[in-house]
Amino acid sequence: MEQKRQELAYAKRTAGLLLAAAAGIFVLTMLVPTNPWVLAIRAITEAAMVGGLADWFAVSALFRRIPTGIPFITAHTDVIPRSKDRIADNLSAFVREKFLAPHTLVALIREHDPSRYVAQWLTDAANARRIGSYLARATEGALHLVEDARIEQLLRDAAREVFKGVDLAGSLRGLLDTLTSDGRHEQLLEQGLDRALHLIDRPETRAWIAAQVIDWLAQEHPRKQKVLPRQWIAHNVAAAIADAVVRRLESIRANPAHAYRQLFDQWIHDFVLRLQSDPALQARGEEIKQYLLNDDTFGAYVGTLWRSLKTWLADDLRDPQSMFHQGVAAGATWLGEQLSQDAQLRQSLRSQLEDAAHRLAPEFAEFLTRHVRDTVRAWDGREMADQIELNIGKDLQAIRVNGTIVGGVIGLGLHLLTLAASM
């Protein structure tokens with residue numbers, strides 16, 4: 001901005017000095033004896049002054065009021081500040097007609113084929129990652145705009161509405177029917193056995209059993225435990241218990257017809273039948289449902305789910321290597337590849353863009369041009385004139401220079417014509 005002001009001031013000084021030089025030379029020619037050369041120089045400088053002064057007046061009248069003593073002429077100075085509203089109306093109309101008309105936008109779409117540029121842009125891996133980053137930031141921003149208290153209350157209300165219509169006993173019965181229909185409960189049993197074996201084999205588990213043995217000795221045999229090798233006893237007892245449990249679990253896992261497996265199958269079958277016919281179990285299910293509906297702790301827990309989910313989402317959105325980023329980037333790359341390979345898809349996208357231009361351009365043009373018009377009308381007229389002069393004033397000062405020079409050339413030509421006519 002400061003550089004523009006300096007350039008404008010320099011241009012004004014140049015034009016002013018040229019005009020002053022013409023005036024000075026003209027005065028000098030009036031003081032020296034006349035001869036053909038003096039008369040020629042006088043004619044040149046006289047016309048140069050006329051051209052320079054006329055252009056100075058024309059340029060200056062655009063931006064400020066110039067009192068001339070002639071009302072008609074003075075009324076047509078200070079053009080830009082006085083015409084601010086008219087300039088706003090004409091500028092908005094120009095933007096609407098030349099840039100935002102539907103046929104202009106459609107012609108632009110057909111000429112540049114945005115679908116091809118979109119395809120090329122999306123197939124660049126860096127651009128695909130950039131889309132993932134932008135979308136992640138937008139999503140994270142949306143998370144922070146959400147009012148947590150309202151979401152938590154919504155989840156609590158939704159959970160209670162869901163539980164109101166749920167028959168817990170019937171739902172559990174249906175779940176168990178599904179598990180037992182194809183022997184899926186056996187798979188659950190196998191997984192449970194595997195986890196139990198892994199837990200028993202852990203050194204931490206055996207150490208815990210040994211600690212329990214030591215505590216039992218201290219409580220049940222406080223005197224004897226002082227003379228007994230407690231650590232040795234606890235270690236061996238814990239090993240014996242763990243090994244016995246492991247052998248029993250492995251025998252259950254290895255034998256499909258093991259008695260414990262049959263007991264498990266029978267218990268599941270009996271429990272399903274009881275859920276169908278036992279009023280006590282059904283009443284217990286209803287009690288649990290009412291407890292969940294009315295318990296404040298359950299409501300608070302449901303509310304905290306949103307905070308946990310929000311924290312997890314925010315952390316995931318900040319991680320450039322998260323599944324969200326990778327998924328969005330992969331989707332963008334795939335779309336770019338499809339657009340690159342499928343000409344019919346690109347044509348369909350162009351058609352959609354053209355239809356959108358026809359439908360949306362008038363409304364968008366009205367909105368944008370109204371914004372342009374109202375914005376310009378709201379400006380201060382003097383400030384607007386100063387800004388325009390700051391940006392194009394240097395070129396206008398060049399017009400003053402040209403007017404001075406061209407005026408001098410015309411003056412010389414007229415002087416020569418006068419001499420030729422007098423011969």
Side-chain angles (χ1 to χ4, degrees), residues 1-91 93-94 376-377 379-423:
M1 184 70 70
E2 185 60 30
Q3 182 181 358
K4 289 183 178 180
R5 294 188 185 279
Q6 293 175 358
E7 292 174 351
L8 177 60
Y10 177 79
K12 286 184 175 181
R13 284 196 302 270
T14 301
L17 288 174
L18 184 60
L19 179 59
I25 295 173
F26 174 77
V27 172
L28 184 61
T29 60
M30 300 294 293
L31 300 177
V32 300
T34 60
N35 59 53
W37 290 107
V38 170
L39 293 176
I41 294 173
R42 183 185 299 171
I44 293 172
T45 55
E46 183 180 11
M49 284 192 300
V50 173
L53 286 171
D55 286 341
W56 167 82
F57 182 86
V59 170
S60 299
L62 290 173
F63 305 106
R64 56 192 55 86
R65 183 176 182 275
I66 302 176
T68 62
I70 304 175
F72 173 78
I73 297 178
T74 302
H76 288 83
T77 61
D78 202 24
V79 175
I80 291 177
R82 287 191 305 101
S83 305
K84 176 175 62 71
D85 292 346
R86 183 157 49 87
I87 292 173
D89 296 339
N90 292 334
L91 179 61
F94 175 79
V376 175
R377 281 175 170 267
W379 287 347
D380 177 75
R382 181 58 54 200
E383 182 180 353
M384 175 182 172
D386 291 341
Q387 289 298 317
I388 294 176
E389 184 179 18
L390 188 63
N391 285 276
I392 66 171
K394 185 172 68 171
D395 296 322
L396 294 177
Q397 297 306 315
I399 293 176
R400 289 181 55 192
V401 172
N402 293 338
T404 304
I405 296 173
V406 171
V409 172
I410 293 174
L412 176 61
L414 292 175
H415 178 69
L416 294 176
L417 286 175
T418 302
L419 290 178
S422 63
M423 290 181 181

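Please read all numbers here as calculations on a predicted model, not as lab measurements.
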What's the separation between atom [atom1] in [X] and atom [atom2] in [Y], rounded to the nearest 0.5 Å?
{"X": "T404", "Y": "M49", "atom1": "OG1", "atom2": "CE", "result": "10.5 Å"}
{"X": "D78", "Y": "R64", "atom1": "CG", "atom2": "CZ", "result": "9.0 Å"}
{"X": "L414", "Y": "L419", "atom1": "CG", "atom2": "CG", "result": "11.0 Å"}
{"X": "I44", "Y": "F26", "atom1": "CD1", "atom2": "CZ", "result": "13.0 Å"}
{"X": "T29", "Y": "W37", "atom1": "OG1", "atom2": "CH2", "result": "15.0 Å"}

*Intermediate values then yes/no, side-chain contact (heavy atoms from CB on, under 4.5 Å), Q397 and T14*: CA-CA 8 Å; Q397 297 306 315; T14 301; over 6 Å; no
Ignoring hydrogens, what is the shortest heavy-atom contact between [X] and [Y]? Give both atom names and the distance.
{"X": "S60", "Y": "I66", "result": "CB-CD1, 3.5 Å"}
{"X": "K394", "Y": "A11", "result": "CG-CB, 4.0 Å"}
{"X": "L53", "Y": "L19", "result": "CD2-CD2, 3.7 Å"}
{"X": "G407", "Y": "A47", "result": "O-CB, 2.8 Å"}
{"X": "G393", "Y": "L8", "result": "C-CD1, 3.5 Å"}
{"X": "I399", "Y": "D55", "result": "O-OD2, 3.3 Å"}

With heavy-atom distances below 4.5 Å as the criterion, would you say the side chains of [X] and [Y] are in contact?
{"X": "I41", "Y": "I25", "value": "yes"}
{"X": "L18", "Y": "I405", "value": "yes"}
{"X": "H76", "Y": "F72", "value": "yes"}
{"X": "L39", "Y": "H415", "value": "yes"}

Does [X] come within less than 4.0 Å of [Y], counting only side-chain N to carboxylate O?
{"X": "D386", "Y": "R5", "answer": "no"}
{"X": "R377", "Y": "D89", "answer": "yes"}
{"X": "K12", "Y": "E389", "answer": "yes"}

*Take atom OH of Y10 as the centre, draw a 6.0 Å sphere, and report whether it contains more than 12 heavy atoms from other residues, nucleotides or ligands.*
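Atom OH in Y10 is not crowded, with 12 or fewer foreign heavy atoms closer than 6.0 Å.
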*Within the distance-only criterion (no hydrogens, no angle test), does the side chain of R42 pair as donor or acceptor with the backbone N or O of V27 below 3.5 angstrom?*
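No: the side chain of R42 does not pair with the backbone of V27.
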*Could you tell me whether the side chain of T77 and the main chain of T74 form a donor-acceptor pair under 3.5 Å?*
yes
_For I388, give me all partners under side-chain contact (heavy atoms from CB on, under 4.5 Å), at least two apart in sequence or on another chain._
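So I388 forms a side-chain contact (heavy atoms from CB on, under 4.5 Å) with F63, I80, M384, I392.
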